[in-house]
Amino acid sequence: MASLQSWTRCFTGWIFFCCCCCLPLLLTSPVPPKGLGGPAHHACRLRKINFQLPYLRNRTYTLARMARASDQDTDNRFIGQQLYVNIKENNRCYMMKRVMEIIVKDVLLSEAKDWYPYTREVAQFLASMTSELSRCKYSGHKEHIEKNLEEMTSKMKKLGVNGKNKAIGELNLLFEYIENACTDTSKRGGNKKEK
């Protein structure tokens with residue numbers, strides 16, 4: 001009987017300890033807001049430092065400026081708000097990652113790599129950002145993303161060499177759209193300015 005009383009006191013003591021010490025710790029532990037926590041949110045973010053490297057920003061903008069000088073097509077645009085038609089805000093970084101992959105593979109690493117100086121450097125820089133976003137996935141339905149990408153790539157292919165040159169001429173816009181869509185300090189939902 002004495003051992004039963006001793007066991008009951010010990011059990012009661014443990015319940016008291018858990019209620020007084022452990023429960024407040026559990027209730028005050030930080031919980032991420034619904035839908036924002038976990039790896040998916042952070043996988044679609046680039047470090048702001050990527051956009052603060054003056055050397056690479058200068059190379060990218062200089063390359064774009066050189067290509068724009070020989071671009072006579074004022075009717076078409078690849079990088080712009082049309083990419084975001086029917087795309088939810090939380091999928092914009094994924095969309096820009098895909099655009100960046102296409103520009104690197106189909107434009108900068110094609111025969112265009114020999115057209116202008118800095119093309120290879122800019123391709124490496126954009127490829128490194130794409131790699132940093134490798135775990136960035138879309139949420140919801142992918143149909144609108146694929147449709148918008150298909151429109152962009154088919155327009156680029158239709159224009160041929162001029163399409164690749166135009167894509168290089170819009171690297172400054174690509175840079176700004178990626179920064180706006182994929183950094184935490186960005187004003188999401190648009191670009192800074194279109195030139």
Peer 1: Tell me if a side-chain donor or acceptor on D71 pairs with a main-chain N or O of N162 at a distance below 3.5 Å.
Peer 2: no

Peer 1: Does L174 form a side chain to side chain contact (heavy atoms under 4.5 Å, CB included) with M96? I'd like the steps, not just the answer.
Peer 2: CA-CA 8 Å; L174 177 64; M96 294 315 300; 3.6 Å; yes

Peer 1: Check E132 against R45 and note the closest heavy-atom contact, atom names and distance.
Peer 2: OE2-O, 4.4 Å

Peer 1: Less than 4.0 Å between a side-chain N and a carboxylate O, is that true for E151 and K147?
Peer 2: yes

Peer 1: Are F78 and V85 linked, directly or through other ILVMFWY residues, by side chains that come within less than 4.5 angstrom of each other?
Peer 2: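 Different hydrophobic clusters.
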
Peer 1: Considering all heavy atoms of both residues, which atom of V104 and which atom of A127 are nearest to each other, and what is their separation?
Peer 2: CG2-N, 4.1 Å

Peer 1: Is it the case that atom OH in Y138 sees more than 12 heavy atoms from other parts of the structure closer than 6.0 Å?
Peer 2: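 It does not: Y138 OH has 12 such atoms or fewer within range.
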
Peer 1: Take Y61 and R65, measure what side-chain hydrogen bond (donor to acceptor under 3.5 Å, both in side chains) needs, and give me the verdict at the end.
Peer 2: CA-CA 6 Å; Y61 280 64; R65 195 169 36 255; over 6 Å; no

Peer 1: Is it the case that more than 12 heavy atoms not belonging to K157 sit under 6.0 Å from its NZ atom?
Peer 2: no

Peer 1: If you count the non-hydrogen atoms of other residues, nucleotides and ligands that lie under 6.0 Å from NZ in K155, is the total more than 12?
Peer 2: yes

Peer 1: Judged by atom type as modelled, is there a donor-acceptor pair below 3.5 Å linking the side chain of S134 to the main-chain atoms of S131?
Peer 2: yes

Peer 1: Is C136 disulfide-linked to C44, taking SG-SG under 2.5 Å as the test?
Peer 2: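 Taking the criterion (SG atoms under 2.5 Å apart), C136 and C44 satisfy it, so yes.
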
Peer 1: So M66 and P117, do their side chains get closer than 4.5 Å, heavy atoms only?
Peer 2: yes

Peer 1: To the nearest 0.5 Å, tell me how far E179 CD sits from M129 CE.
Peer 2: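 Rounded to the nearest 0.5 Å, the CD-CE separation comes out at 9.0 Å.
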
Peer 1: Pair M156, K166 - check side chain to side chain contact (heavy atoms under 4.5 Å, CB included), show working.
Peer 2: CA-CA 8 Å; M156 194 183 309; K166 176 168 274 306; over 6 Å; no

Peer 1: Would you say R68's side chain and G169's backbone share a donor-acceptor pair under 3.5 angstrom?
Peer 2: yes

Peer 1: Apply side chain to side chain contact (heavy atoms under 4.5 Å, CB included) to residues L171 and I103 and explain how you reach the verdict.
Peer 2: CA-CA 9 Å; L171 284 172; I103 298 295; 3.9 Å; yes

Peer 1: Roughly how far apart are Q72 CD and N165 CG, rounded to 0.5 Å?
Peer 2: 9.5 Å

Peer 1: First locate atom CG of L63, then atom CZ of R59, and finally report the distance between them rounded to the nearest 0.5 Å.
Peer 2: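 If we round to the nearest 0.5 Å, L63:CG and R59:CZ are 10.0 Å apart.
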
Peer 1: Which atom names give the shortest non-hydrogen contact between Y94 and K142, and what distance separates them?
Peer 2: OH-CE, 3.4 Å

Peer 1: Report yes or no: does Q82 contribute a side-chain atom to a donor-acceptor pair with the main-chain N or O of R77 at less than 3.5 Å?
Peer 2: yes

Peer 1: Atom CZ in R57, atom CG in N172: separation rounded to 0.5 Å?
Peer 2: 10.0 Å

Peer 1: Against the six-membered ring of Y84, is R92 placed for a cation-pi contact (under 6.0 Å from the centre, within 45° of the normal)?
Peer 2: yes

Peer 1: Please determine whether side chain to side chain contact (heavy atoms under 4.5 Å, CB included) holds for the pair F125 and F175, giving the CA-CA distance in whole Å, both sets of side-chain angles, and the decisive distance to 0.1 Å.
Peer 2: CA-CA 11 Å; F125 172 57; F175 193 86; 3.3 Å; yes

Peer 1: Tell me the closest heavy-atom pair linking A123 and L109, and the distance in Å.
Peer 2: CB-CD2, 3.9 Å

Peer 1: If you measure from CG on L149 to CD1 on I87, what distance do you get to the nearest 0.5 Å?
Peer 2: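 Atom-to-atom, L149:CG and I87:CD1 are 7.5 Å apart.
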
Peer 1: Rounded to the nearest 0.5 Å, what's the gap from CH2 on W115 to CG on L108? Could you check?
Peer 2: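 Reported value, rounded in 0.5 Å steps: 10.5 Å.
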
Peer 1: Provide the closest heavy-atom pair for M95 versus I145 in the form atom of the first, atom of the second, distance.
Peer 2: SD-CG2, 3.6 Å

Peer 1: Run the side-chain hydrogen bond (donor to acceptor under 3.5 Å, both in side chains) test on T153 and D106 for me, step by step, so that the C-alpha distance in whole Å, both residues' side-chain angles and the decisive distance to 0.1 Å come before the verdict.
Peer 2: CA-CA 9 Å; T153 53; D106 296 344; over 6 Å; no

Peer 1: Specify the closest pair of heavy atoms between K164 and V107, including all atoms of both residues, with the distance to one decimal.
Peer 2: O-CG1, 3.6 Å

